[in-house]
K.L.:
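Sending over a structure as structure tokens; questions will come in a sec.
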Amino acid sequence: MSIVPKETIEVIAQSIGINNLSEDAALSLAPDVEYRMREIMQEAIKCMRHSKRTTLTSDDVDTALSLRNVEPVYGFASGGPLQFKRAIGHRDLFYIDDKDVDFKDVIEAPLPKAPLDTSVVCHWLAIEGVQPAIPENAPLEVILPPPDGKNNEQKDKLPVDIKLPVKHVLSRELQLYFDKITELTVRRSDSALFKEALASLATDSGLHPLVPYFTCFIADEVACGLNDYKLLFALMRVVWSLLQNPHIHIEPYLHQLMPSVVTCLVAKRLGNRFADNHWELRDFTANLVASICKRFGHVYSSLQTRLTKTLVNALLDPKRSLTQHYGAIQGLAALGPNVQVRLLILPNLEPYLQVLEPEMLLEKQRNEMKRYEAWRVYGALLHAAGQCIYDRLKIFPPLPSPPAHTVWRSNGKVVTGSNKRKASTEHLEQPPAKKIATDGPVMASSSPSHMQGEAIAPAPSNDSNVGPSASSEHMPNNDLDGKVERGKGDRRSIKTSAILNQVWKDDLKSGHILASLFELFGQDILSFIPAPEMSLFL
């Protein structure tokens, strides 16, 4: 006997206009209707399971009808469960209550929000077993179990199964190791044991589970200990040791380490005592930043760009202190003197020195500490610019070293340069000569002050009283030696001329950079130029 009563078949027949359906026909149709319904529901349950759901919806039924080549039922797209009501006077007859909708209410109802465009967003669920704190991941407070041990329930009173995160379990040995390292870093950073701990951090192969703990420890201590110079230096040494360890994959934690490292480079104040050598800390941190960019720049393509932007903003901001400017200069110089300094510092060097000069003079700056900071910044700029011009000159072919006894010929007199000239301060402050000869060794200025200490040999005399001497027998050999020396000199002149043409090209501008740096720094910049290049330019 079918579970579908014959009364249901009669009601369905009357709804489609068949009023004279016999009772036997209704009894015969009932088993077939039941069979078709079971077939459709089985297909719908299959669709539900393939969708990884436990609640059957009207969409599953529509999909099952489509699989059987049956037109789906329209008007049942609601996501909520259908509310059936019992028909009055019939015990086993149910129907769906369709509410009457007033068009006025529909027109005056507020418009729903426009649906968002479909998009795919990727984010990290966990990195090395640790869940990152980003908005896409649920906070820990939400996924904690309820205190009473009951299942969480949403507003619609449906139970929710929550899978708790797996705890990051450390062995007892690693916990003791971490506690010992942190204790040495905070309290005994000047001991020999701390140096051994740094060596262990740089070489041991089983420390990877401790990397997230060291990262959080460094970030917390830097944020809270900006007044403790020894602690900051010890933390930066710990970072350096972790970076040197080839068994540690520290790339996923760079976004947490870099703010702490940059803070120790461009912070306004590091330490609270005048004896704290925060300049050394900034120099060490600058090399650390350069090492990070060199090692992980290919992994994070925007790392050096973002870091350079931060340092340039710190340097060009007049509201920042001189200590911050010093850190920015050292950082840019460490990142690359041939690119960062030449493109970012040298174009702004002249206006910056005009602002810095009053801070360096005793007449305009009475505060000795401010004056000392200004001189430190000046020294950093000089070193960065000197290293830049040194690297630029090293691009060209190597020049021959100047001979020990240079000989110049002028007006029939031989001028030997074996005695070193003592240039006065006035001469060094003058800009270099703009005209550089390219046909041989250049004669220096012929003013009296420049000729002091030079030995000038008299010109050969044509006096007939001077008879032949023994040396006249060796004249052919002397002429041959002179030709060889002149040949070498000609080749040296040709090579020097070619290098000069290359240096003074518009695209390289190395010669113009050197001239402008000499005008800004004077003789101080000459100490960065090798001897062959010095003889070429001066």
Side-chain angles (χ1 to χ4, degrees), residues 185 189-190 194-195 197-199 201-203 214-215 218-219 221-222 225-226 229-246 248 250-251 253-271 276-300 303-315 322-345 373 376-391 394 528:
T185 304
S189 59
D190 53 352
F194 179 67
K195 296 181 180 179
L198 293 178
L201 286 175
T203 56
F214 277 120
T215 302
I218 293 170
E221 293 297 329
V222 169
L226 289 178
Y229 163 76
K230 294 177 60 178
L231 175 60
L232 294 176
F233 212 123
L235 292 172
M236 292 300 102
R237 294 172 68 184
V238 169
V239 175
W240 180 272
S241 298
L242 291 175
L243 291 173
Q244 301 304 313
N245 195 326
I248 291 179
I250 205 169
E251 296 92 342
Y253 307 96
L254 283 180
H255 68 285
Q256 296 179 353
L257 278 178
M258 288 307 297
S260 303
V261 175
V262 176
T263 299
C264 292
L265 180 62
V266 294
K268 182 177 182 180
R269 187 172 183 179
L270 300 174
D276 293 339
N277 189 8
H278 63 91
W279 310 103
E280 183 181 2
L281 173 59
R282 297 179 193 272
D283 295 341
F284 181 84
T285 309
N287 295 329
L288 179 60
V289 168
S291 176
I292 293 175
C293 291
K294 181 179 180 181
R295 181 177 174 184
F296 303 106
H298 65 285
V299 180
Y300 298 99
L303 175 62
Q304 185 167 347
T305 304
R306 295 168 58 187
L307 185 60
T308 302
K309 184 178 180 180
T310 301
L311 296 179
V312 171
N313 292 338
L315 175 61
L322 291 176
T323 55
Q324 294 175 287
H325 291 179
Y326 177 87
I329 295 170
Q330 292 295 88
L332 291 174
L335 288 177
N338 198 22
V339 177
Q340 309 292 344
V341 175
R342 181 169 61 88
L343 299 180
L344 301 176
I345 294 183
E373 293 177 355
R376 290 299 299 243
V377 174
Y378 177 83
L381 287 173
L382 174 62
H383 184 271
Q387 190 66 33
C388 175
I389 193 62
Y390 178 83
D391 292 346
K394 284 302 178 182
F528 295 91

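Each residue takes its place number in the sequence, starting with 1. Hydrogens, waters and symmetry mates are skipped; everything else that's a heavy atom, side chains included, is used.
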K.L.:
After noting the C-alpha distance and the side-chain angles of T323 and R269, does the key distance pass the side chain to side chain contact (heavy atoms under 4.5 Å, CB included) rule?
P.N.:
CA-CA 7 Å; T323 55; R269 187 172 183 179; over 6 Å; no

K.L.:
Any side-chain heavy atom of H278 sitting closer than 4.5 Å to one from Y326?
P.N.:
no

K.L.:
Contact between L322 and R376 at the side-chain level, heavy atoms closer than 4.5 Å - yes or no?
P.N.:
no

K.L.:
Who pairs with F194 by ring pair (Phe, Tyr, Trp, His ring centres under 6.0 Å), at least two apart in sequence or on another chain?
P.N.:
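If we apply the ring pair (Phe, Tyr, Trp, His ring centres under 6.0 Å) test to F194, skipping adjacent residues, there are no hits.
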
K.L.:
Drop me the distance from L381's CG to L315's CG, to the nearest 0.5 angstrom.
P.N.:
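Between L381 CG and L315 CG, I get 7.5 Å after rounding to 0.5 Å.
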
K.L.:
How many angstroms lie between atom CG of L201 and atom CD of Q244, to the nearest 0.5 angstrom?
P.N.:
11.5 Å

K.L.:
How far does CG of L231 sit from CG of L226, to the nearest 0.5 angstrom?
P.N.:
9.5 Å

K.L.:
Could I get the full list of ring pair (Phe, Tyr, Trp, His ring centres under 6.0 Å) partners for Y253, not counting sequence neighbours?
P.N.:
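Not a single residue meets the ring pair (Phe, Tyr, Trp, His ring centres under 6.0 Å) criterion with Y253.
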
K.L.:
A side-chain contact here means heavy atoms from C-beta on lying under 4.5 Å apart; do W279 and Q330 qualify?
P.N.:
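A side-chain contact under 4.5 Å is absent here.
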
K.L.:
List for me each residue that meets side chain to side chain donor-acceptor pair (under 3.5 Å) alongside N245, sequence neighbours excluded, and say none if there are none.
P.N.:
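Expected list: none.
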
K.L.:
With side-chain contact (heavy atoms from CB on, under 4.5 Å) as the test, pick out the partner of L303 among I292, V289, T308.
P.N.:
I292

K.L.:
I need the F233 CZ to L270 CG distance, nearest 0.5 Å.
P.N.:
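Taking CZ in F233 and CG in L270, the distance rounds to 11.0 Å.
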
K.L.:
Which heavy atom of A286 sits nearest a heavy atom of A334, and at what distance?
P.N.:
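Scanning both residues, the minimum pair turns out to be O-CB, 3.5 Å.
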
K.L.:
Write down the atom of L335, the atom of A290, and the distance for their closest heavy-atom approach.
P.N.:
CD2-CA, 4.0 Å

K.L.:
State which residues pass salt bridge (charged side-chain N to carboxylate O under 4.0 Å, His left out) with K230; sequence neighbours excluded, sorted by chain then number.
P.N.:
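If we apply the salt bridge (charged side-chain N to carboxylate O under 4.0 Å, His left out) test to K230, skipping adjacent residues, the hits are D190.
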
K.L.:
Can you tell me how far apart CG (N287) and CE (M236) are? Round to the nearest 0.5 Å.
P.N.:
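Here the interatomic distance stands at 13.5 Å.
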
K.L.:
What heavy-atom pair brings A202 and P246 nearest, and what distance separates the two atoms?
P.N.:
O-CD, 3.8 Å

K.L.:
Test of understanding: with side chain to side chain contact (heavy atoms under 4.5 Å, CB included), list the residues that count as partners of K195, not counting sequence neighbours.
P.N.:
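For K195, the residues satisfying side chain to side chain contact (heavy atoms under 4.5 Å, CB included) (neighbours in sequence not counted) are R237.
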
K.L.:
Can you name the one residue among I250, V239, L242, T185 that meets side-chain contact (heavy atoms from CB on, under 4.5 Å) with F214?
P.N.:
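One option only clears the test, and that one is L242.
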
K.L.:
Can you give each donor-acceptor pair under 3.5 Å made by side-chain atoms of residues 259-268, sequence neighbours left out, with the distance rounded to 0.1 Å?
P.N.:
{"residue": "T263", "atom": "OG1", "partner": "P259", "partner atom": "O", "Å": "2.6"}

K.L.:
To the closest 0.5 Å, what do you measure between CE (M258) and CG (L307)?
P.N.:
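That separation rounds to 5.0 Å.
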
